[in-house]
2 protein chains.
Amino acid sequence: MPDRRASRVPLTRERVVAAAMALADEKGQAGASMRAIAARLGVEAMSLYNHVAGRDDILDGMVDAVFAEIELPAPDDADWKAAMRDRAASARAALRRHPWAVGLMDSRGHPGPATLRHHDAMLGALRTGGFSIPLAAHAVSVIDSYLYGFVLQELSMPLGAAGDLDEVAGDILSGLPGDAYPHLTEMINAHIMRPGYDYGREFPFGLALILDGLTPDEDQGAPAR
Amino acid sequence: MPDRRASRVPLTRERVVAAAMALADEKGQAGASMRAIAARLGVEAMSLYNHVAGRDDILDGMVDAVFAEIELPAPDDADWKAAMRDRAASARAALRRHPWAVGLMDSRGHPGPATLRHHDAMLGALRTGGFSIPLAAHAVSVIDSYLYGFVLQELSMPLGAAGDLDEVAGDILSGLPGDAYPHLTEMINAHIMRPGYDYGREFPFGLALILDGLTPDEDQGAPAR
DNA sequence: TTGACGTACTTACGGCGTAAGTCTAGCGTT
DNA sequence: AACGCTAGACTTACGCCGTAAGTACGTCAA
């Protein structure tokens with residue numbers, strides 16, 4: 001008979017973090033309790049502590065693993081805008097794949113190696129594109145703020161487009177005297193409840209607006225070519 | 001003698017939510033447990049359930065209360081940019097005053113009346129400023145994404161500027177071969193660790209960039225004046 | 001006076017993170 | 001071969017958590 005769980009493979013911090021991520025993806029962050037993570041690995045809760053400092057350490061690892069999933073901007077891409085666009089799309093996809101990640105990002109002050117590598121690559125791409133140090137700092141701040149904030153809003157929406165929005169719309173339109181919230185009502189009726197509406201399509205608009213507002217302030221790629 | 005707690009004032013949903021907010025401000029969101037909230041009101045935990053559906057209901061109320069603290073953009077302000085700037089500053093202040101709010105915004109699908117009023121006022125200010133419905137939708141999306149994302153990043157930073165950043169900088173510069181993260185190192189040394197650096201100052205830059213990228217696409221204030 | 005209702009109460013359950021201590025299989029040394 | 005050490009998984013227990021269920025009591029209407 002095989003042993004009850006393939007405990008041939010050794011428990012490691014990586015395996016613990018991976019199990020926690022899978023669990024969080026399936027049942028939400030709260031579903032990834034120490035006991036549940038351990039059970040998924042065929043082990044008891046306290047055994048995790050031999051490889052991990054505690055729950056917070058696992059959470060840190062999860063956030064870093066999400067950063068590791070994001071495609072880095074190519075450091076020698078002559079077209080910095082395209083690099084920023086691709087990287088933003090990849091980051092948004094990763095954050096949607098792991099919806100708990102955005103909520104974990106505050107409260108977590110210990111960036112892991114993948115996080116650091118990621119930010120280094122961002123700065124590298126911008127510097128190569130001709131951004132001075134202060135302007136690169138500005139650029140990273142705007143771009144990432146927009147990215148995180150957009151995903152945050154996107155995730156706080158219900159699903160697809162209609163469905164639950166109907167419900168909210170109903171709450172808004174009903175019961176109240178005349179219409180409180182006239183502009184909101186107008187927006188919902190004339191725009192959001194339209195058949196093809198999808199909030200996700202707003203993403204490229206805002207990103208393009210931001211990227212078009214940024215202009216390199218140094219010669220293009222000093223050492224490049 | 002006075003009764004042990006001024007239980008003269010009746011318990012209400014509002015008082016419960018207010019107590020929860022005060023507690024969360026002081027000890028973090030996790031510190032605002034049902035038992036702790038009740039204790040602060042001189043009452044037992046289960047008594048809260050006579051006024052509130054459960055913990056989630058309290059959380060919903062807290063988020064709505066934060067929106068209520070944000071100054072609404074004046075609906076007849078001829079200068080829509082100024083209105084957006086003022087409102088963004090007020091919102092950022094509120095979100096910093098209640099650092100748990102951003103983290104609560106995802107996962108919370110039931111907007112309260114203050115939240116609805118807030119969004120209605122935003123749309124109203126933009127419509128008056130000459131934005132069409134679709135463009136107003138775009139504008140709200142970019143502006144609020146930037147706002148929430150910025151605060152999220154701001155809060156995930158340690159405190160002031162130096163202090164804990166030193167520690168992270170140490171982690172980056174030490175131990176590793178040569179310099180991994182060369183651009184990050186450069187950024188830290190040449191920019192972030194400079195005496196007067198304060199991440200919060202990045203906020204106006206990004207906001208101005210976004211606002212300057214938005215242009216009304218209709219006649220100014222159709223009914224106004 | 002009596003009943004109903006609203007409100008606060010006590011008790012209890014299962015689950016949480018983790019401190020503390022125990023058991024055992026495998027290893028390096030003698 | 002025998003020993004002792006150690007790493008890693010284990011059991012137990014503590015004080016929290018949110019909340020289901022049931023109880024006690026003060027107020028007000030009939």
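Here the structure is a predicted model, which is why all the values come from computation and not from measurement. Values below: all heavy atoms of this structure, side chains included; hydrogens, waters and symmetry mates excluded. Letters go in sequence order (proteins before strands), and every chain restarts at 1.
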Exercise. Counting just side-chain N and O atoms, does His51(A) come under 4.0 Å of either OP1 or OP2 of dA9(D)?
Worked result: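 For dA9(D), OP1 or OP2 has a side-chain N or O of His51(A) closer than 4.0 Å.
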Hey, are the side chains of [X] and [Y] touching, using non-hydrogen atoms and a 4.5 Å cut-off?
X	Y	value
Met105(A)	Val102(B)	no
Arg117(B)	Leu184(A)	no
Asp86(A)	Glu71(A)	no

Exercise. Taking atom CZ of Arg97(A) as the centre, does the number of heavy atoms from other residues, nucleotides or ligands within less than 6.0 Å exceed 12?
Worked result: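 Enclosed: over 12 neighbouring heavy atoms sit under 6.0 Å from CZ of Arg97(A).
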Exercise. Crowded around Arg194(A) CZ? As in, over 12 foreign heavy atoms under 6.0 Å?
Worked result: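 No.
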Distances under 3.5 Å only, N/O to N/O: pair up the protein atoms with those of nucleotides 16-19 of chain D.
residue : atom : partner  : partner atom : Å
dC17(D) : OP1  : Ser33(B) : OG           : 2.6
dG18(D) : OP1  : Met34(B) : N            : 3.4
dG18(D) : OP1  : Arg55(B) : NE           : 2.8
dG18(D) : OP2  : Met34(B) : N            : 2.8
dG18(D) : N7   : Arg35(B) : NH1          : 2.6
dG18(D) : O6   : Arg35(B) : NH2          : 2.9
dT19(D) : OP2  : Tyr49(B) : OH           : 2.7
dT19(D) : OP2  : Arg55(B) : N            : 2.9
dT19(D) : O5'  : Tyr49(B) : OH           : 3.1
dT19(D) : O4   : Arg35(B) : NH2          : 3.3

Exercise. Does NZ or CZ of Arg92(A) come closer than 6.0 Å to the centre of the six-membered ring of Phe150(A), within 45° of the ring's axis?
Worked result: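 Verdict for Phe150(A): no cation-pi partner in Arg92(A).
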For this session: On DNA chain C, reading 5' to 3', which nucleotide is the first and which the last to sit with an atom under 4.0 Å from a heavy atom of chain B, could you check?
Result: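 That gives a stretch of dT7(C) to dA12(C).
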Problem set entry | Geometric class of the Phe67(B)/His119(B) ring pair [parallel <30°, tilted 30-60°, perpendicular >60°] |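 Tilted, since the angle between the ring planes falls between 30° and 60°.
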Exercise. From Glu186(A) CD over to Ile188(A) CD1, what is the distance, rounded to the nearest 0.5 angstrom?
Worked result: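 So the CD of Glu186(A) and the CD1 of Ile188(A) are separated by 11.0 Å.
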